[in-house]
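Here the structure is laid out as structure tokens; the discussion comes afterwards.
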Amino acid sequence: MIGIGKRRSRNARAVVTGAGSGIGQAFAVELAARGGQVVVSDIDLRAAQATVNVIQDEGGRAHALKCDVSRLEDVEWMATRANDWFEAVPTLVINNAGVGAGGPLIGDVSMDDWQWTLGINLWGPIHGCHVFAPILREAGYGGIINVSSAASFGAAPRMAAYNVSKAGVLSLSETLSAELSGTGVNVSVLCPTLVKTNIFETGRINRQSVAAGSALMRAIGMSPRKVARITLDAHDRGGLYVMPQLDAKVGWEIKRHAPRTYTRALGLLERFGPLKDDEAAVPTHAHTRG
Ligand SMILES: NC(=O)c1ccc[n+]([C@@H]2O[C@H](COP(=O)([O-])OP(=O)(O)OC[C@H]3O[C@@H](n4cnc5c(N)ncnc54)[C@H](O)[C@@H]3O)[C@@H](O)[C@H]2O)c1
């Protein structure tokens with residue numbers, strides 16, 4: 001039978017959201033390379049189809065679907081279509097779709113930006129778990145990988161909506177892991193720092209942060225394919241927390257063991273760091289739209 005046991009990422013029947021770009025695309029390509037059939041879903045159907053073309057060019061099996069993860073009815077529809085295409089239930093679901101948001105301080109972030117960010121980054125994985133967890137629990141094998149971020153515990157200033165959304169995904173994953181323990185279904189939560197993708201260009205992020213973040217990402221970001229490989233291997237070993245980079249692991253340890261010192265250090269960075277200027281305070285929607 002497919003996907004059973006410790007090597008859930010081999011020959012999987014996988015559903016990946018936000019798979020038209022970046023980390024989601026890398027998951028889809030890697031899963032196909034590991035012998036899987038992959039439902040490549042994205043809010044942007046053309047991007048999803050482009051990922052499918054890459055997989056098929058390499059001899060893999062994939063199917064594109066349009067799905068806006070912020071809409072429960074889209075995720076339910078995707079689950080039905082995936083079942084039809086697999087002619088079986090999925091064995092691996094990756095709730096990856098997400099957007100970047102940052103710049104203004106709490107109080108200056110518009111309600112629209114809060115709702116947009118939480119709607120995709122938090123409600124997306126909630127919808128994915130709501131729809132797929134009962135299916136996998138019933139099947140008694142397989143896995144769910146939720147894509148969170150080091151922002152889930154990082155609490156960096158000027159990223160409130162993003163931080164909150166990712167902290168929610170971390171808690172969702174921990175809770176789901178406890179609920180599914182002993183069922184044969186493994187849950188992992190991916191918490192990377194910078195990964196080389198389009199997230200700065202497509203999010204609601206102010207210009208200065210986009211410039212600084214993109215430069216840093218190009219300099220030190222991990223490749224999406226490497227993140228996908230590390231995550232799938234960790235998932236196969238039954239890992240819950242996946243922190244592919246050293247800075248994420250160090251940040252996690254400091255935050256856990258010296259949380260107040262950590263927060264004070266971030267406060268100093270906010271007061272004296274590079275984003276201390278007028279530009280950073282401009283509401284994000286004045287600059288970019290997703
Ligand atoms: N790139 C990083 O440095 C980084 C770091 C930590 C976590 N992450 C997380 O990784 C995930 C993937 O982001 P990425 O960096 O690959 O970005 P990306 O912008 O390259 O890809 C995101 C994909 O999600 C899709 N998408 C956006 N809104 C959607 C929606 N409502 N429904 C379905 N699809 C939607 C986009 O069309 C795009 O194809 C996100 O959850 C992000 O928060 C990224």
Side-chain angles (χ1 to χ4, degrees), residues 15-30 39-52 54 64-75 77-78 94-102 115-128 145-154 156 159 161-170 172-173 189-205 209-210 212-228 230-231 242-245 247-248 251 288-290:
V15 175
V16 186
T17 68
S21 173
I23 298 171
Q25 181 179 63
F27 271 126
V29 172
E30 181 64 24
V39 165
V40 174
S41 88
D42 202 285
I43 195 171
D44 178 347
L45 185 58
R46 285 209 305 191
Q49 190 56 52
T51 300
V52 167
V54 170
L65 289 179
K66 180 177 166 69
C67 171
D68 176 351
V69 296
S70 70
R71 295 162 48 91
L72 177 60
E73 56 270 37
D74 274 30
V75 178
W77 178 83
M78 174 178 68
I94 305 188
N95 293 307
N96 162 80
V99 289
Q115 281 158 4
W116 180 74
T117 308
L118 293 174
I120 299 167
N121 290 6
L122 180 55
W123 279 101
I126 291 172
H127 291 152
I145 300 174
N146 291 330
V147 178
S148 177
S149 163
S152 61
F153 54 84
M159 290 177 54
Y162 189 79
N163 295 343
V164 169
S165 70
K166 294 300 182 179
V169 175
L170 181 63
L172 176 72
S173 310
V189 57
L190 170 62
C191 300
T193 50
L194 287 174
V195 185
K196 287 182 181 129
T197 71
N198 295 323
I199 195 162
F200 280 101
E201 284 71 32
T202 54
R204 295 184 181 181
I205 306 173
S209 300
V210 168
S214 300
L216 199 60
M217 180 186 272
R218 277 194 299 276
I220 64 163
M222 189 175 264
S223 82
R225 192 67 184 267
K226 189 168 179 188
V227 171
I230 290 171
T231 307
V242 184
M243 296 182 195
Q245 298 116 321
D247 51 355
T288 55
R289 275 288 178 203

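In each ligand, atom 1 is the first atom listed, and ligand 1 is the first ligand listed. Here the structure is a predicted model, which means the values were calculated and not measured.
Here the straight-line distance linking atom CG of L190 with atom CD1 of I145 works out to 8.0 Å at 0.5 Å rounding.
A heavy-atom separation below 4.0 Å is found between P192 and ligand 1.
Considering T197, I199, T193 in turn, T197 is the only one that fulfils the side chain to side chain contact (heavy atoms under 4.5 Å, CB included) rule with V195. Partner of V69 under the side chain to side chain contact (heavy atoms under 4.5 Å, CB included) criterion, chosen from T17, I126, D74: T17.
Contacts with ligand 1 closer than 4.0 Å are made by no heavy atom of N121, backbone or side chain. Counting heavy atoms closer than 4.0 Å to ligand 1, residue S148 contributes backbone atoms (N, CA, C, O) but none from C-beta onward. Counting heavy atoms under 4.0 Å from ligand 1, residue K166 touches it through the side chain alone.
Counting only heavy atoms of the protein, atom 20 (O) of ligand 1 lies nearest to S21 OG, 2.6 Å. What sits closest to atom 23 (C) of ligand 1 on the protein, heavy atoms only, is G18 O, 3.5 Å. Scanning the protein for heavy atoms near atom 15 (O) of ligand 1, the closest one is T197 OG1, 2.6 Å. The shortest contact between atom 32 (N) of ligand 1 and any protein heavy atom is with V69 N, 3.0 Å. Remark: minimum distance from atom 35 (C) of ligand 1 to any protein heavy atom is reached at I43 CG2, 3.5 Å. Distance from atom 12 (C) of ligand 1 to its nearest protein heavy atom, with residue and atom name: N96 OD1, 3.3 Å. Of the protein's heavy atoms, D42 OD2, 3.5 Å lies nearest to atom 38 (C) of ligand 1. From the protein, the heavy atom lying nearest to atom 27 (C) of ligand 1 is V99 CG1, 3.9 Å.
Side chain of K66 to main chain of I43: a donor-acceptor pair is present (N/O by atom type, distance under 3.5 Å, no hydrogens or angles). Of the possible polar contacts, one joining the N96 side chain to the G18 backbone as a donor-acceptor pair under 3.5 Å is found. Looking at N163, its side chain never comes within 3.5 Å of a backbone N or O of G154 through a donor-acceptor pair. A donor-acceptor pair is defined here as one N or O able to donate and one able to accept, closer than 3.5 Å; no such pair exists between the side chain of S209 and the backbone of I205.
Ligand 1 places these atoms under 4.0 Å from at least one heavy atom of T202: 19 (O). Within the listing of ligand 1, atoms 6 (C), 7 (C), 8 (N), 9 (C), 42 (C), 43 (O) sit less than 4.0 angstrom from a heavy atom of Y162. Atoms of ligand 1 found under 4.0 Å from any heavy atom of C67 (numbered from 1 in listed order, with element): 32 (N), 33 (C). Those atoms of ligand 1 that come under 4.0 Å of a heavy atom in T193, given as number and element, are 3 (O), 4 (C), 5 (C), 6 (C). Ligand 1 places these atoms under 4.0 Å from at least one heavy atom of G20: 39 (O). Applying the 4.0 Å criterion to heavy atoms of D68 picks out, from ligand 1, the atoms 30 (C), 31 (N), 32 (N). Near N198, meaning under 4.0 Å from any of its heavy atoms, are these atoms of ligand 1: 19 (O), 20 (O). Listed by atom number, the atoms of ligand 1 under 4.0 Å from A97 heavy atoms are 33 (C), 34 (N), 35 (C), 41 (O).
In terms of heavy-atom proximity, A19 sits nearest to V40 at CB-CG1, 3.6 Å. Taking each heavy atom of G98 and N121 in turn, the nearest pair found is CA-OD1, 3.2 Å.
L216 is not listed as a side-chain neighbour of F200, based on a closest heavy-atom distance of 4.5 Å or more. The side-chain heavy atoms of S148 and K166, taken from C-beta on, include a pair separated by under 4.5 Å. The shortest side-chain heavy-atom distance between V29 and R225 falls under the 4.5 Å cut-off. By the 4.5 Å heavy-atom criterion applied to side chains, C191 and L170 are counted as neighbours.
Between D44 and ligand 1, a contact under 3.5 Å exists for no N or O pair.
Counting heavy atoms only, I23 comes closest to atom 44 (C) of ligand 1 of the residues N146, V195, T17, I23.
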